[in-house]
Amino acid sequence: MEYTQLGRTGLKVSRLVLGTMNFGPQTDEADSHAIMDAALDAGINFFDTANVYGWGENKGRTEEIIGNWFAKGGDRRDRTVIATKVYGNMGADGEAWPNHDKLSAVNIRRAVDASLKRLRTDHIDLYQFHHIDRATGFDEIWQAIDTLVQQGKVLYAGSSNFPGYKIAQANETAARRGGTIGLVSEQCLYNLAERRAEMEVIPAAQDYGLGVIPWSPLHGGLLGGVIKKEVQGGRRASGRAADTLADPAKRAQVQAYEDLLDKHGVEPGEAALAWLLTRPGVTGPIVGPRTADQLASALRAVELELSDELLAGLDEIFPGPGPSPEAFAW
């Protein structure tokens, strides 16, 4: 496994991030524990979760599964950089009591303590704001985070799904306050098929020293050989992948992608991850395996070297938007 520092911090993290969103809803606790053990054995030390994972009546269940795994001992907690998120409404019925969601100081305080209890740990390494909160200013947010850092409950703060201007606002406010390190990471939707983050989000993250953590690196399975799997009678596309394939032009684009990788003898899912590892500013993509075999495939991507010819071919099939402001100004 390769390691890098998370943004401008001294924190060393693996170049693959273990996503845990499937733990509970799709993968039971025993299998989830086995996947986490296998990830740690392979050198993955960076695990990502969120307080709402588990969904519906089971919100918080994913954090509980991770907490039970930590409780097994064997230095599991000491060897893991754990990242979780705050923002979502934790009510099972979808109705939030006032101040029980988003990023007010009172909800951040409440949510941290609840996550710590579920995770069965005394601190969160990376506490991420799951979305922007237009009703709460960053002065209030940083006041809450500063208190948690002083209490030892949180070490670093990161963002998720932030536009570039909010990354700038957050870190300019932190700089003005003094004594606040500000955001150190941004978790965003970024992959070969969805490259809009290259226009504003990633440049802002790089300028402010944030590590970029792409989520959905296979774009909901679209980049994992979905057409080939359909032809072979395997799992059919669903969600984002199915919606994309419904467009004939997009389907032809994905077919060209699979044909290119077949020509080079490379598995599509592994190539999509390896491509992200070549991108400037990227700390590591989040992989969310449902099974041990899917984890093994993701691990192979770290050692995969894509030729210049293949990289050029991928850019031709999935061209990026170009730099900002040129991409939209002229």
Side-chain angles (χ1 to χ4, degrees), residues 1-24 26-51 53-54 60-86 111-128 145 148-158 160 181 184-185 187 211 213 215 273 277 283-303:
M1 179 55 59
E2 297 178 3
Y3 299 89
T4 189
Q5 288 177 218
L6 180 63
R8 65 188 183 282
T9 76
L11 184 67
K12 290 185 178 181
V13 294
S14 51
R15 299 235 43 212
L16 286 182
V17 185
L18 182 69
T20 63
M21 189 168 64
N22 291 322
F23 295 175
Q26 297 189 47
T27 308
D28 64 24
E29 181 160 343
D31 288 343
S32 299
H33 286 190
I35 289 172
M36 287 187 281
D37 280 334
L40 208 58
D41 287 345
I44 297 177
N45 74 335
F46 197 7
F47 291 12
D48 176 74
T49 191
N51 59 354
Y53 290 173
R61 177 60 182 146
T62 302
E63 286 187 332
E64 289 176 349
I65 288 173
I66 297 170
N68 293 340
W69 181 74
F70 283 152
K72 289 183 174 182
D75 293 329
R76 286 175 170 84
R77 178 63 187 97
D78 288 343
R79 296 172 64 195
T80 301
V81 174
I82 187 67
T84 192
K85 308 182 193 75
V86 57
V112 163
D113 287 341
S115 285
L116 289 172
K117 183 178 180 180
R118 287 189 292 265
L119 289 167
R120 301 175 72 170
T121 186
D122 63 356
H123 73 280
I124 294 163
D125 298 300
L126 177 63
Y127 201 48
Q128 302 163 109
I145 295 298
L148 296 174
V149 171
Q150 291 164 7
Q151 293 173 339
K153 294 180 178 180
V154 167
L155 300 185
Y156 302 98
S160 180
I181 193 172
V184 303
S185 64
Q187 186 177 137
I213 308 169
W215 61 266
L273 292 173
L277 292 172
T283 297
I286 297 174
V287 296
R290 295 185 302 274
T291 66
D293 286 344
Q294 290 177 345
L295 175 61
S297 176
L299 289 168
R300 289 193 292 272
V302 178
E303 300 178 356

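Because the structure is predicted, anything quoted here is derived from the model rather than measured.
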Novice: Is it true that atom NZ of K117 has more than 12 heavy atoms of other residues, nucleotides or ligands lying nearer than 6.0 Å?
Specialist: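 Not more than 12 within 6.0 Å, no.
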Novice: Before we go on, tell me: are the rings of W69 and F23 under 6.0 Å apart, centre to centre?
Specialist: no
Novice: Among residues at least two apart in sequence or on other chains, which ones pass side-chain contact (heavy atoms from CB on, under 4.5 Å) with A157?
Specialist: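 Applying side-chain contact (heavy atoms from CB on, under 4.5 Å) to A157 gives F129, W142, I145.
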Novice: First locate atom CG of D48, then atom CH2 of W215, and finally report the distance between them rounded to the nearest 0.5 Å.
Specialist: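 Nearest 0.5 Å value for the CG-CH2 distance: 11.5 Å.
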Novice: Do K85 and Y53 have side-chain N/O donor and acceptor atoms under 3.5 Å apart?
Specialist: yes
Novice: Within the 3.5 Å criterion, strictly below it, is a donor on E63 or S115 matched to an acceptor on the partner's side chain?
Specialist: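 There is such a pair (donor and acceptor under 3.5 Å, judged by atom type) between the side chains of E63 and S115.
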Novice: Would you say that L299 contacts V287 through its side chain, given a criterion of any heavy-atom pair below 4.5 Å between the two side chains?
Specialist: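 Contact flag for L299/V287 side chains = no.
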Novice: Do the non-hydrogen side-chain atoms of R61 and E29 ever get within less than 4.5 Å of each other?
Specialist: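 Yes. Closest side-chain heavy atoms under 4.5 Å.
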Novice: Counting C-beta onward and ignoring hydrogens, is there a side-chain heavy-atom pair between L277 and L273 closer than 4.5 Å?
Specialist: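 L277 vs L273: side chains apart.
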Novice: Using side-chain heavy atoms (C-beta onward) and a distance below 4.5 Å, is K153 in contact with D113?
Specialist: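 When only atoms from C-beta onward are counted, D113 and K153 do touch, with a gap below 4.5 Å.
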Novice: Could you tell me which residues satisfy side chain to side chain donor-acceptor pair (under 3.5 Å) with R120, sequence neighbours excluded, listed by chain and number?
Specialist: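 Side chain to side chain donor-acceptor pair (under 3.5 Å) check on R120 returns N68.
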Novice: Between L6 and Y156, is there a side-chain heavy-atom distance shorter than 4.5 Å?
Specialist: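 No, every pair of side-chain atoms sits at 4.5 Å or beyond.
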Novice: Would you tell me whether T20 and T62 have side-chain atoms, one donor and one acceptor, within less than 3.5 Å of each other?
Specialist: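 No donor-acceptor contact under 3.5 Å links the two side chains.
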Novice: Applying side chain to side chain donor-acceptor pair (under 3.5 Å), can you list everything that pairs with S14, at least two apart in sequence or on another chain?
Specialist: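 Checked S14 against side chain to side chain donor-acceptor pair (under 3.5 Å); matches are N45.
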Novice: When L18 is tested against each of I66, L40, T80, I35 for side-chain contact (heavy atoms from CB on, under 4.5 Å), which residue passes?
Specialist: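 One option only clears the test, and that one is I35.
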Novice: Are any of the side-chain heavy atoms of L116 and T121 separated by less than 4.5 Å?
Specialist: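 Result yes, sub-4.5 Å side-chain heavy-atom pair found.
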